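The structure under discussion appears below in the form of C-alpha cells.
A, B, ... follow the sequence lines: proteins, then strands. Residue 1 opens every chain. These numbers were taken from a predicted model, which means no experiment stands behind them.
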Amino acid sequence: MIKEIDEKITEIELEIEKLKNEEIVDEAQIYVLKRQKHDLVRMCKDLDAHDKVYLARHKKRPKITDYIDNIFEDFFEQKGDALGKEDGSIYGGIALYKGLPVTVIGHRKGNDLQENIKCNFGMPGPEGYRKALRLMKQAEKFGRPIITFIDTPGAYPGLEAETNGQSIAIATNLAKMSALKVPVIAVVTGEGSSGGALAIGVANSVLMLENAVYSILSPEGYATILWKDSSRSAEACDMMKLTAKDLYNYGVIDDIIPEPLGGAHLNPKNVYKNVDKHISKELEKLVKLNPDELAKHRYKKFRNIDSNYMNLL
Amino acid sequence: MKIPNLRLLKRKSNQVILTDSVVSDMSVKEEKPSATPVEEAMTQCPKCKQEYRKIDIKENMNVCPSCGHHFVISAERRVRLLVDNGFYKPLKCKVAFSNPLDYPDYEEKIVSLQEKTGMDEAVFTCVGAIDGYDAVIVVMSSKFLMGSMGIVVGEKVTQAIEYADRKKLPLIIFTASGGARMQEGILSLMQMAKTSAAMEKFNLNGGLYISVLTHPTTGGVSASFATLGDITLAEPGALIGFAGPRVIEQTIGQKLPEGFQRSEFQMEHGFVDQIVSRDKMRETLAQILRLHSKKGR
C-alpha cells in the first residue's frame, strides 16, 4: 500500500519542482498539488509491518553520512581495520557532539549505485566489524562516548567474508562491546537485520526510529528458512514482530524516535532534530555513570533483556 | 576424603547408565523404525558408503570404523564418554518454554521433540570430571530443532557460564547449532549478546573456556559464544561458518569449493587450534585442563 502512495508523493513533488522552475509560476496548480500531497501523506497514519520495511529501506531515507553532517561537527573519518583491509560498509570516526568528542560508527549503504557497490550495500565483512571494534576500543582509551547508527540488510554472506572469519568478528564485537567502559548509544535508523546489526548494537541505550525495523533476519531470509519461500516475506513481516513498537514492548529497545508522517525521507530536518534530542537525553543520563557502572549497566541490560519472557518452571 | 560418598556415587553412576540405554537406543532408531532387531539394523556411512550394523557404529562412539566419519551423537552420551566413570551432575535451570512471537504450533513442536529426544531443550549442561579435573560441560544437540538458540538455550548456556565463573571451574562447550531460533524472533537474536556478554565477564575474571565445534556450528551460535574460546577445537569434517553454504552460493552465484567451511578449512585459515577426533577428545581435553591447572601435574 505504502509503495503506491509513496510513489505518487514523489511524482507530485517532482511536478511541484518543475512548476516552480518555470518562467511563469502557476501558484494555483502548485497549491492543488500540495493539497494532494498533504492528503496522501495523511493516508500513511496506520502503517503495517510490511509498510515499515518498505520505508526502512527507502532509497532517500537519511543515512549515516546525513546524520553526521547534521548532528555532529568537525568529523574526522577513520578507515581500515589495521589488519589488512578497509571495508566501506562500516563508516566511522571522531566528531564533536555539542562540543564533546565522540566516536561515531555506523553501517553505510551509499547514495547512488556507484557508492552502493563501494559500500557493498551496507553489508559488512569481518573487516568492517574489526574496524568498528578498533574505533570503539580507541574511544574507550580516550574516554569518548560511542554513538552507533544501525542500517544493514545483514552481515555479508560471501565467500571471502566466511574465509576471513565473519563469525568470530561478530562474536568478538558482541563480547567486547558488552564490557566497554564508556557510554554507548545505538540508533536503529533503517533496517537492522541479524547479527550484522547487533554487532554494533550492544549499547547502554538502544533507540529506534519509528519506521525502522530490527529483526533476527531479513523478512525474505526468514520466509526462506521457515517456509522455503522468499515470496512470503510480507507474511513474515507480520509474524516477526520487527517494528519499533514491537521491540519497545519486548523491552529490547529503550525509546522510539518519532518520524514525520509518511517516513523520514519526507522531512529529514525534522528527523535530525528528533534524533539529536534523543541522543542528547540518553547521553546526559549516561555521562553521570562512572566507567565501571557503565559496563555494569550495559551488562545487566543484555543479561535481562528477555526477562519479560522468561517463564520459570 | 571422598570415600564416604563412594557408594552413593556408584549408585548414581548406575542410574546414569540406565538412562543411557534409553537415550542411545533412540539415537540408533532415529532414521526409520523397522521390525529388525536393533543389533541387526544396518546403516550406510554417508561418506564412504560402507554398510555397517548400527550397533557397530554406536560402539565406535558413532564414528565410521573405516573412514572416520563422525555421526551425530546424543548430548548425554557425549558427556558420558567424556567424564570419569561416566558420572556427571546435571545443572539445574528452571527456565521454561516461552513463545514470544505466538508462533503457531511451536509449543506442540517442542513437546514432541522433548519426548523424542529425552532432552528438555537443545542444550544439556552439567558438571563432571575429566581425568580428575572438574569442569562445567555444555553440550548442544542438533537433534533438537537443529540445536537452534532461543531464550531457553541462551539462558541455560548463560547460567552454565555464570556457574563456571562463580565456582572458578573451566568451561567446555560442544556446539552444534543452525543458529538463532527463528520461532522466537528478535529475542533469539538477543541471546547472542547475552551469552557473549556472560562469556566476556568469565574471560575477564580469568576463566578458561574450551570451545569444541561439532557439526554443524553456524549462524547466531557460531557468531557468539562458539567462537570466543581460549582454545578452539573441532571434530573432523564439521561445517562451521556464519552463513550456510546454500545462502553463500545464492549470494555469489557459484558453487563453493569442496571442503569449504569444514573444520579442516577453518584450521587452515587460523580459526581452530586443533582438529580432534572423538576417540581422542577425552585425552585432549584432559591435557588442556592439566596445562591450565595451577599445580600442573
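Side-chain contact check for A/Asn311 versus B/Val95: every heavy-atom pair is 4.5 Å or farther apart. Side-chain contact check for A/Leu226 versus B/Tyr103: some heavy-atom pair is nearer than 4.5 Å. Contact of the A/Met239 side chain with the B/Met182 side chain is not registered, since no non-hydrogen atoms from C-beta on lie closer than 4.5 Å. B/Phe265 is listed as a side-chain neighbour of A/Thr163, based on a closest heavy-atom distance under 4.5 Å. Within the 4.5 Å cutoff, side-chain heavy atoms of A/Leu159 are placed close to those of B/Leu256. The closest side-chain heavy-atom distance from A/Tyr250 to B/Pro100 is below 4.5 Å. At a threshold of 4.5 Å between non-hydrogen side-chain atoms, the residues B/Lys201 and A/Lys296 do not count as touching. Side-chain contact between B/Asp102 and A/Lys241 is present, with heavy atoms from C-beta onward closer than 4.5 Å.
Contacts of A/Tyr214 with chain B are made by both backbone and side-chain atoms, with heavy-atom separations under 4.5 Å. Interface residue A/Leu198: only side-chain heavy atoms are found under 4.5 Å from chain B. In this structure, the portion of B/Arg181 lying under 4.5 Å from any heavy atom of chain A is its backbone and not its side chain. Of the atoms belonging to A/Asp246, not a single heavy atom falls under 4.5 Å from chain B. For a residue to count as touching a neighbouring chain, one of its non-hydrogen atoms must lie under 4.5 Å from one of that chain's; by this rule A/Leu312 touches chain B with backbone and side chain alike. Neither the backbone nor the side chain of A/Leu242 has a heavy atom closer than 4.5 Å to any heavy atom of chain B. At a 4.5 Å heavy-atom cutoff, the contact between B/Ile252 and chain A is made by side-chain atoms alone. Residue A/Tyr309 touches chain B through both its backbone and its side chain, counting heavy-atom pairs closer than 4.5 Å. Neither the backbone nor the side chain of B/Met199 comes within contact range of chain A; no heavy atoms are under 4.5 Å apart.
To the nearest 0.5 Å, atom NZ of residue B/Lys194 and atom CZ of residue A/Arg303 are 5.0 Å apart. With rounding to the nearest 0.5 Å, the separation of OG in B/Ser196 from CE in A/Met177 is 12.0 Å.
A donor-acceptor distance shorter than 3.5 angstrom exists from the side chain of A/Glu162 to the backbone of B/Ala243, with no hydrogens or angles considered. In this structure a side-chain-to-backbone donor-acceptor pair under 3.5 Å is present from A/Ser167 to B/Phe242.
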Legend entry - Candidate pair A/Met310 and B/Leu187, rule side-chain contact (heavy atoms from CB on, under 4.5 Å), full reasoning: CA-CA 11 Å; A/Met310 191 70 75; B/Leu187 290 173; over 6 Å; no
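Nearest approach of A/Ser178 to B/Glu200, heavy atoms of both residues: OG-CB, 3.9 Å. Nearest approach of B/Ala223 to A/Leu174, heavy atoms of both residues: O-CD1, 3.5 Å. For B/Gln191 against A/Asp306, the heavy-atom pair with the smallest separation is NE2-OD2, 2.7 Å.
Under the salt bridge (Lys or Arg N to Asp or Glu O under 4.0 Å) criterion, A/Lys109 pairs with A/Asp151, A/Glu191, not counting sequence neighbours.
Counting heavy-atom pairs closer than 4.5 Å to chain B, the top-ranked of the candidates A/Val202, A/Ile305, A/Ile216 is A/Ile216.
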